Every structure is written in structure tokens, then in C-alpha cells.
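Note on naming: letters A, B, ... go to the chains in the order of the sequence lines (proteins, then strands), and numbering restarts at 1 for each one. Just so we're clear, the structure is a prediction, and the values are computed from it rather than from any experiment.
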Amino acid sequence: MANEEKLAKIRHSMAHVMAEAVLEIFPDAQIAIGPSIENGFYYDFELPRPLLTEDLDTITEHMKAIIKQDKKFVRKEVTRQEAAELFKDQKYKLELLDAIPEGEAVTIYNQGGFTDLCRGPHVESTKELSADGFKLLSIAGAYWRGKESNPMLTRIYGTAWQNAKDLRLYLDHLADIEKRDHRKLGKELDLFSLHEEAGPGLVYWHPRGARVRQVIEDFWRQEHYKNGYEMVYTPHVGKSWLWETSGHLGFYKDGMYPPMEMDKADYYVKPMNCPFHIMIYQNSKKSYRDLPCRWAELGTVYRYEKAGALHGLMRVRGFTQDDAHLFVTPDQMDDEIMEVLRFSLHMLHSFGFNDIHAYISTKPEKSVGEVEKWDAATEALKKAVEKEGLAYDIDEGGGAFYGPKIDLKIKDAIGREWQLSTVQFDFNLPERFKMTFVDKDGVEKRPYMIHRALLGSIERFFGVLLENYAGAFPPWLSPDQIAIIPVGEVAFDYSKQLEKRLRAEGFRAVADLSNERMNAKIRNAQKLKTPYMVIIGEKEMSGDAVSIRYRNGKQVNLVSTEDFIREVHKAIDNKEQI
RNA sequence: GCCCUUGUAGCUCAGCUGGUAGAGCACCACCAUGGUAAGGUGGGGGUCAGCGGUUCAAAUCCGCUCGAGGGCUCCA
């Protein structure tokens, strides 16, 4: 922790050094804000011209020179008038000064050639900064104070560490992230594609990607049946009545694809599945005996995401939610929430995610539904999280206007967090659709409605899996599980028969009978990250055996085919990574 | 939506300050029949994202549009 504080000081000080360097190069620059952030720092400027990547080199040179001068960071408390005088040419600083609450001390830091309005803290001197422990990474635009209506400033991002070695490690980490990029892997492994000419943000699943998706979906359905859910299918479009009733046309219209007119009615492509599930609920009068209803659907929805927000599979315009809605009586709520949470964890664990953190979001200022309901629901969420012994944070006031929620974030193989599961109460839709059930006392009451998605969306989840495994899926998920590689043409027939035999076992096996040398076939299977490559030559043919080459390069020769089949079954059944 | 960057063959990319396009991989054909990460030879394939402008001449310069990348904002 002390180390984190030290790094934060280094990074914040580095931001000041960068500001000084930028002012040396552009004396007329307006400086805005420059904090330390995770792994580094940034500073926002208003510059006389756009920055080029080459400028980063120049700025870096200036920064190194400043660092070597062993400049002291001197803190000083000043009056507002003094500060206003000091920053009279810096409009953003003056705005910041105005924003400091009356009565609070105004402090400045000076490092010789540069003074900044800043509350600190900083290192004592630039000699504590490492001239080769930092790197300027990128130039970006950022709104002044994060407001879309404000001017766009130029932000320079950098990373800074205590020494060159730590910087090296971090840059290696960045390279690792780049290698794992699901967009790149998706291309290399021939899993999916996007086609701008056919519509941005819409995903095309290739055969190899579709195989993985099938495995995920089959598993998902099977587990849902095991856990008391029913599957439903609902339409992809609905008349405006549906969206007016749900309220989407009122507050979410911009997020929806525009309407199609037919028979004098407007039809909208669904951005959510909920109203459709409610239609099923409304189809008959419900008794407390019918509840809880647990209805699940892999529902494909379309949303108009802003062009700038689209990102590979992670943020798209058409995606499939692994959705379910639970309609429950008030006294079923606690148990149902606990079950949902338990089930979520089970699913995440099944896919190899064991480092899970929960975030509970509570009632925001603007909300619908009675306070008692909010309290009861929030309490149910907390109890469930505590019962599962999950680490959790509470985001006070961070819930949606219609109900509190739990989000689960997992950590992937290289420590990045991804939000997958979400469990949300909804006090809005049951009201709007006037949903009821008849309770024991014969009185019509409102059911509680819970939305939940365990994997989030199939597209995004697939992207997370891809990055987590760096494309090397464990055998149970791998598009191809076994590549059969004949040494020469004499082994082609045998290889074909072996392919048949392995497929009969349920394995995704493919014999490579192409006009290539064995070396090239191994290389190709290796590039596709196929977990098992089995080599078939005369020795194997005569002994009903295979020689296994694992994708990690490990080699086991002349294993009996029966033993190999058992081994693969075991790995698949146990969802092992190899 | 905004800022910066960017758009050359299916993929990865080269093409200096303007003179009507190249490589490797992939694909096709032929030869080679091969024991653990690319065998050889030949061939086909591009209105240089689109539209407009400057110019004798534009992949190259300028403008607009569309898309992509990195950010910001947004993600009820």
C-alpha cells in the first residue's frame, strides 16, 4: 500500500513534469488537469495545434532533461488573490480555483520553472523520478471536466514506474493485452467477423466460432433446466404499444433502432426481452401457486450504440442476452435471489472464473417504487452476497431508477476485471404493465420482477473468454479438439477412419488430408491452437495407437487409441485446461 | 456525438518530396509423398474506402461522406 502511495506521488509529479515540458514547447498552451491514474498519469492541454506522435518524443526529451535537474517540488499555501494573479493567463486553472470551496486552503506546487494549482502530494524532488521509468503512451481528446458540451482538450497519457525494470514489465503486460485482443484472435482463429458495409456493430459468427457458441449455449440451457428454469422464445419486433407501455419509447428511444411501418402501425426491433416475457405472464391470470416463474431466453436484441462506443464483440449493436426474468411473491424474494446468485457463481466457475467480486448498487435519487420495496430488495441482495461469502462493494445511489442490483465482476487470467453477471430488481415494469397475482387471501398483488443475465451477452462473454484464454480454449470449448495429421498419403485412409471414430465419441476431430507436408499441417493446427494433434504414420497404424502432440509442444508417442479417447473424455468432462 | 489517428489484394504491410501499384501469407495449377511449427515452380487477384476539388498528371495534396483504432461522453 505504501508502495501504491509512492507510485501515485511519482505519477502525479510526472504529470507536472510533463506539463512543464509542454509549456517549454508551447508557451501559449492552456493547462487543465493532470492527475495520477492507474499505472500512470495524464495531463489535459489546450494547444495551438494538434499534437503528432512525433511530438511525444520531443516532450519526452524535455521531461528527461527536467528530471535530471533535480528540481524540488515546493508546496505553498496561497490566498485566492495570489493564486488568481499567478494563473491569470490560465483560464482552466482559474475555473478550478473558483471551484475550491470557500474556506479550504489553496495550495500550489512549484518545481522551479513550473507552478501548478494542486493539492498534492508530490515527491520531494525530480531526482526521485526515473528518467527511464516512464513512457508517454498516447494522445487523446477529452472534454474539459468530462462534459460533452465543454471544449475538447488534448490529453496526453503516460505510464510511470519507480525504475526502468518495472516500466519494462508493464510494457510487456501491455504487449500481452495486445496479443490477447479478441478482435485479432477472432481473425486469426477464423471465429467471427464484422462487416462495415453490412452494418457496423453486427456480428457474423463463422463455423469455428459458432461451434464454441453452441457449446456455451447448450451448456447454458442444460444448466438452466437443472436449476428450475423454463425456456421461452419471443419475437424480435413488437408494436409501439408494447414500448409505450414499457416506457422505452419515453426514455430509451434514442437507444432503439428506428421503427418500421406496417399496416399503419410502428414496429420496433426489441432492445430488451422483458416486455415480451411480461406478455407471456399476462396471458393468464396468475395465482401465488404459479410463482415463482423463472423464464429464460437467449434473446437477441438490437440497440443503437453510438458509433464511437462500438468495440469488437465487447460493445455491439446486435447481441444475444442470456436473459431470464423471475416473477416472485414478496416472501419468495429472499430465497430466489440467493438461488440466482448461487447459480451465477456456478456458471462463472464452470467457465473457469473463480476470482469474483460483487457490486451492489442502491437507490438513486430519481427512482420509482416505494422505499420499503427498495429496502427489502436491497436487503435481499446483501444477504445473498453475504451468504455466498463474496467480497463486495456498495455503490450508494448507483442503481437504475427502477431497482437495486448486484453486478458480478470476474478477474481474467491477466488480472483484468470484466463485468458479466447482473441481477436487477425492477419496480417499474410490473407497475406499468399492471402485473398481478392472486395471493392466498384472494387479493390481487404485484409480483416482484427480477431481471438477470449470467454471462451478460453471448458476444461479449465470448470475447472475454477469448481474451482470457488468449485463444487457447480448453478442450470442452475448443472449436477443433483434435487434429489428425497423417505423416504421408499412406495414412490418409486410416486417418479418415480415425476421424469417424473420434467423432462418434462426440469429439470435434478433423483429419487434415490437404496437399501439405506434415510439418505444415502441424504448424497450421498449432496456429489454430488445437489442443490435441495426433500424428498417424505406419507405427501408429500397425498398433492401433496415436502419437499425441499437445499444443504446448509436449509430445507423447504411441498411446493406444482407447487410452487417448479416455484421456480426452476426461479432460472434456472435467472442463480441464490443457 | 466530440477530439486525435487511420482506411493500398482475403490477411499483414511497403509505396521518399504527385508521373495511372508492390511484397509475404492465403487462393489456384503443376511437381514433390513427407515423422513433429512453412518443400519447389508457376498463375490469378486491387475502379489504392466513396464522392468532389486542385493539377498536364492524384494511392500520394485539399474538402466532404462512410468505416476502423485510441480516448472523452454515453451505456435508462
*Test log, rule side chain to side chain contact (heavy atoms under 4.5 Å, CB included), inputs A:Arg211 and A:Asp480*: CA-CA 9 Å; A:Arg211 274 181 240 159; A:Asp480 283 323; 2.8 Å; yes
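Between the P atom of B:C3 and the CD1 atom of A:Ile156 lies a distance of 18 Å, rounded to the nearest Å.
In this structure, the side chain to side chain contact (heavy atoms under 4.5 Å, CB included) partners of A:Glu417, at least two apart in sequence or on a different chain, are A:His357, A:Tyr359, A:Lys409, A:Lys411. Scanning for side chain to side chain contact (heavy atoms under 4.5 Å, CB included) contacts around A:Asn524 gives an empty result, with sequence neighbours left out. By the side chain to side chain contact (heavy atoms under 4.5 Å, CB included) test, A:Asn468 pairs with A:Phe353, A:Asp412, A:Ala413, sequence neighbours left out. A:Arg315 is linked by a side chain to side chain contact (heavy atoms under 4.5 Å, CB included) to A:Glu305, A:Ala309, A:His311, counting only residues two or more places apart in sequence or in another chain.
Listed by first then second residue, pairs satisfying salt bridge (charged side-chain N to carboxylate O under 4.0 Å, His left out) with a partner in residues 510-529 of chain A number zero, not counting sequence neighbours. Residue pairs meeting the salt bridge (charged side-chain N to carboxylate O under 4.0 Å, His left out) criterion with at least one member in residues 396-408 of chain A, sequence neighbours excluded: A:Lys405-A:Asp407. Here salt bridge (charged side-chain N to carboxylate O under 4.0 Å, His left out) pairs that include residues 447-464 of chain A, with residues two or more places apart or in two chains, are A:Arg213-A:Glu459. The list of side chain to side chain donor-acceptor pair (under 3.5 Å) pairs with a residue in residues 481-497 of chain A, not counting sequence neighbours, is empty.
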Show me the protein contacts with nucleotides 42-48 of chain B, counting only N or O atoms at under 3.5 Å.
none

What protein N or O atoms touch nucleotides 10-14 of chain B N or O atoms at under 3.5 angstrom, if any, and at what distances?
from	atom 1	to	atom 2	distance (Å)
B:U12	OP1	A:Lys187	NZ	3.0

Once base and sugar-phosphate atoms are separated, protein heavy atoms under 4.0 Å mark nucleotides 31-37 of chain B, 5' to 3', with B, S and - as BBBBBBB
Its contact letters, B for base, S for sugar-phosphate only and - for none at protein heavy atoms under 4.0 Å, make nucleotides 68-76 of chain B read SSBBBB-BB
